[in-house]
Amino acid sequence: MATSMTLDDLVAAETCTVALSYGLGVDSTAILLRWLHEPNTRPAPLDQIVVLTAMTGSEWGITGDQVRQYVLPELRRAGMRYIQVARSARHVRRDGTGVIILSDSTAPDELHIDGAYTLEHEMLSAGTVPQVGGARLCSVHAKGDPLDVVLHRLFGDRPYRHVMGFEYNEQARAIKDAGFNTSQRTGVYPLIEWEYTRADALEYIRRHTGVDWDKSACWFCPYALGSKQGRQDTLARYVDNPEVATRTLLMEGTSLALNPRQALIGKTRLIDELTTAGAVDVLAAYDRLLDSTAHALYRVRRIYRAAGGDRTRKSPRVDRSVQRIATGSRHEISAMVPTYADLGADIDDSDPAAIRAYTRRPTDLYPTVEELYVAAPAVVEDKQLPNFDTWWTELTGETQAAALF
């Protein structure tokens with residue numbers, strides 16, 4: 001099948017009944033390889049199966065290398081349809097806006113692992129890091145949303161089985177996923193049916209490729225850093241891949257500048273972990289990256305609301321406004337922040353991540369507000385809700401123009 005680059009060119013899967021969400025990692029790779037090597041395990045003939053990958057654009061390079069070497073040749077030999085998709089914009093809409101088809105082929109010869117609109121770009125432009133806890137919204141937005149659009153284009157109103165790579169000890173995830181079943185979509189979980197743990201999946205891949213399959217994850221994934229072993233493994237990866245490490249530190253550093261409570265690993269800062277680990281080469285490379293990166297002076301405002309009308313309790317909702325005031329070199333912009341002391345700002349230089357000039361501090365009664373000026377890499381886009389200035393004026397009595405120094 002010829003490569004398509006727009007969603008409108010995507011050909012409906014009229015003969016297909018099964019879609020495999022292929023995340024490039026251990027679990028879905030084990031499923032795919034077993035289907036290819038053991039026909040009796042397939043839920044349908046190969047020409048009735050479509051393989052789908054949503055590219056975040058931020059996967060570790062080793063993942064791409066392994067898939068190119070060991071999986072793409074197998075797909076070519078089998079003639080399986082493999083569709084690679086990505087976001088082309090931050091928001092994906094039901095009509096397909098924001099989705100791009102990177103490749104649609106039964107003889108795939110390239111893995112488009114760089115994606116299009118990457119998760120890294122989304123985090124940097126928002127001045128934040130992926131959030132731990134609750135729904136993994138970064139995965140939902142970067143993978144789930146574009147895949148849902150493609151699945152709808154492929155199957156229309158026809159029923160299909162959606163194969164997910166949940167391990168034998170992840171039955172709770174399968175139960176949760178099954179809650180999204182409809183009269184059209186039915187979730188299928190081969191590893192659970194085969195009673196495959198992660199160790200079983202790794203062994204199956206090793207048997208057919210001769211390699212130990214690396215964990216698939218974005219290189220800034222906080223979940224990969226969440227456990228003691230995962231943190232050790234990821235820190236070692238950073239030491240071996242300083243360019244990736246510095247880009248991750250840039251993301252965290254920008255986030256911390258705007259919000260000192262928003263580190264990559266929950267309350268733990270990646271830069272502190274690398275410092276403790278003695279990764280001096282990585283830290284030196286990061287400092288050089290900051291020196292070569294344009295910086296901006298940002299005005300950051302937040303509105304903290306009361307929870308349930310109780311003025312002593314803070315609502316989880318926080319409204320934020322970010323505005324770029326000036327741009328220049330790291331040294332030029334950083335030197336501007338302390339000068340705000342002459343205009344009455346409270347200068348806080350206690351955080352090694354950034355010096356902040358506070359013009360408003362939040363109180364312990366809600367609603368309350370916060371306002372500060374800070375230097376950070378010039379990667380964050382101006383953003384606020386349409387009614388933010390109205391709410392700000394209601395709470396402070398200040399107009400937008402009067403508040404700016």
Please check this pair: side chain of [X] against backbone of [Y], looking for a donor-acceptor N/O pair closer than 3.5 Å.
X: Tyr22; Y: Tyr82; result: no
X: Glu59; Y: Ala217; result: yes
X: Gln184; Y: Gly156; result: yes
X: His91; Y: Ala89; result: no
X: Arg158; Y: Cys16; result: yes
X: Glu273; Y: Leu235; result: no
X: Glu332; Y: Ser329; result: yes
X: Arg76; Y: Pro108; result: yes
X: Arg87; Y: Arg90; result: yes
X: Glu252; Y: Leu264; result: yes

Kindly check if the number of other-residue, nucleotide or ligand heavy atoms within 6.0 Å of [atom1] ([X]) is above 12?
X: Arg93; atom1: CZ; answer: no
X: Asp364; atom1: CG; answer: no
X: Tyr168; atom1: OH; answer: no
X: Glu243; atom1: CD; answer: no
X: Arg94; atom1: CZ; answer: no
X: Glu38; atom1: CD; answer: yes
X: Asn387; atom1: CG; answer: yes
X: His37; atom1: NE2; answer: yes

Can a salt bridge be assigned to the pair [X] and [Y] using a cut-off of 4.0 Å between side-chain N and carboxylate O?
X: Asp389; Y: Arg301; value: yes
X: Arg360; Y: Glu398; value: yes
X: Asp351; Y: Arg356; value: yes
X: Arg185; Y: Asp177; value: yes
X: Arg68; Y: Glu110; value: yes

In the structure I gave you, are the side-chain heavy atoms of [X] and [Y] within less than 4.5 Å of one another anywhere?
X: Val129; Y: Met251; result: yes
X: Tyr189; Y: Met164; result: yes
X: Tyr117; Y: Ser125; result: yes
X: Tyr373; Y: Glu371; result: yes
X: Phe220; Y: Val244; result: no
X: Trp219; Y: Arg237; result: no
X: Leu191; Y: Glu170; result: no
X: Tyr340; Y: Leu297; result: yes

Inset, instruction - Can you label the angle between the Phe388 ring and the Trp392 ring as parallel, tilted or perpendicular, going by 30° and 60°? - result: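 Ring orientation of Phe388 relative to Trp392: parallel.
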
Legend entry - Ring geometry between His208 and Tyr204 (parallel below 30°, tilted from 30 to 60°, perpendicular above 60°):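 Rings of Tyr204 and His208: tilted, as their planes differ by 30° to 60°.
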
Inset, instruction - Carefully, step by step, assess Ile205 and Tyr70 under the rule side-chain contact (heavy atoms from CB on, under 4.5 Å). - result: CA-CA 10 Å; Ile205 296 172; Tyr70 299 105; over 6 Å; no

Legend entry - Test side-chain contact (heavy atoms from CB on, under 4.5 Å) applied to Val163 and Ile49, step by step: CA-CA 10 Å; Val163 178; Ile49 301 173; over 6 Å; no

Rounded distance (nearest 0.5 Å) linking atom [atom1] of [X] with atom [atom2] of [Y]:
X: His162; Y: Thr186; atom1: NE2; atom2: OG1; value: 11.5 Å
X: Thr128; Y: Asn259; atom1: OG1; atom2: CG; value: 8.0 Å
X: Arg206; Y: Asp212; atom1: CZ; atom2: CG; value: 4.5 Å
X: Ile355; Y: Asp348; atom1: CD1; atom2: CG; value: 9.5 Å
X: Asn241; Y: Thr234; atom1: CG; atom2: OG1; value: 11.0 Å
X: Asp214; Y: Gln66; atom1: CG; atom2: CD; value: 5.0 Å

With a 3.5 Å cut-off and no angle check, do the side chains of [X] and [Y] form a donor-acceptor pair?
X: Gln69; Y: Asp65; result: no
X: Glu120; Y: Ser58; result: no
X: Thr363; Y: Thr368; result: yes
X: Asp200; Y: Thr197; result: yes

Closest non-hydrogen atom pair, [X] against [Y]:
X: Leu147; Y: Ala54; value: CG-CB, 3.8 Å
X: Tyr286; Y: Leu250; value: CE1-N, 3.5 Å
X: Thr63; Y: Ser216; value: OG1-CA, 4.0 Å
X: Arg161; Y: Ala44; value: NH2-CB, 4.1 Å
X: Thr29; Y: Leu24; value: OG1-O, 3.6 Å
X: Ile347; Y: Ala357; value: CD1-CB, 3.6 Å

Inset, instruction - Step by step, work out the side-chain contact (heavy atoms from CB on, under 4.5 Å) result for Arg302 and Leu372. - result: CA-CA 9 Å; Arg302 294 185 180 88; Leu372 61 97; 4.0 Å; yes

Legend entry - Asp27 vs Arg198, side-chain contact (heavy atoms from CB on, under 4.5 Å): CA-CA, chis, key distance, verdict: CA-CA 7 Å; Asp27 300 325; Arg198 187 172 189 81; 3.9 Å; yes

Inset, instruction - Tell me whether the centres of the aromatic rings in Tyr238 and Trp60 are closer together than 6.0 Å. - result: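 That pair passes the under 6.0 Å test.
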
